[in-house]
Each structure stands twice: as structure tokens, then as C-alpha cells.
Amino acid sequence: MARVRFIGSEPVTVPELGSRLVQPDEVVEVPDDRYEGYVCQPVTWESVEEPGTRAAAKKTAAKPQKEG
């Protein structure tokens, strides 16, 4: 899931998120395949976490060193 921040000045109801009421400056998770539909509206939404970022971070996390 990607994350975006609502930067509008008044709360909005987002039908795509189950008619959830989103407050100004609130960060919400959106499906990766719908991320572009939010960030293409830069007056209303800003990117917080791009699609696949968490999965990539988990894959590249360092493993603990064994003491020997």
C-alpha cells in the first residue's frame, strides 16, 4: 500500500476508501495501483510513500551479524 497526505483545507469524503472522511493533513493508505490517481492532483494530495517502498525496504534491510 502506498501512502498520501490530504493537503486540502476542508475534510473530504473519499468514496474509494470506503466513504472515509479524510481530515486536512491526514495521511492515508491507498492501493498501489491507485497511487497515481491521487498524486496527479498536487493541489489536493502529496506523496508520503510511493508504491512498493515498504516491500523494497524489507528486502534491503541488513541482517544482523553473527558474533563469532
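All residue numbers refer to positions in the sequence shown, counting from 1.
At least one side-chain heavy atom of Phe6 sits under 4.5 Å from a side-chain heavy atom of Thr44. Using a 4.5 Å heavy-atom threshold, the side chains of Thr13 and Leu21 count as touching.
The shortest non-hydrogen separation linking Asp25 to Arg5 is OD1-CD, 3.0 Å. Between Val14 and Val22, the shortest heavy-atom contact is CG2-CG2, 3.7 Å. The shortest heavy-atom contact between Tyr35 and Glu49 is CE1-O, 4.0 Å. Taking every heavy atom of both residues into account, Pro51 and Ala2 meet most closely at N-CB, 3.9 Å. For the residue pair Val43 and Ile7, the shortest heavy atom distance occurs at O-CG1, 3.6 Å.
Note that the CE atom of Met1 and the CG atom of Asp33 stand 9.5 Å from one another [nearest 0.5 Å]. Rounding to the nearest 0.5 Å gives a distance of 9.5 Å between CD of Glu10 and CD of Gln23.
Two different hydrophobic clusters hold Val27 and Trp45 under the rule that ILVMFWY side chains link at heavy-atom gaps under 4.5 Å. Residues Val12 and Tyr38 are members of one and the same hydrophobic cluster, defined by side-chain heavy-atom contacts under 4.5 angstrom among Ile, Leu, Val, Met, Phe, Trp and Tyr.
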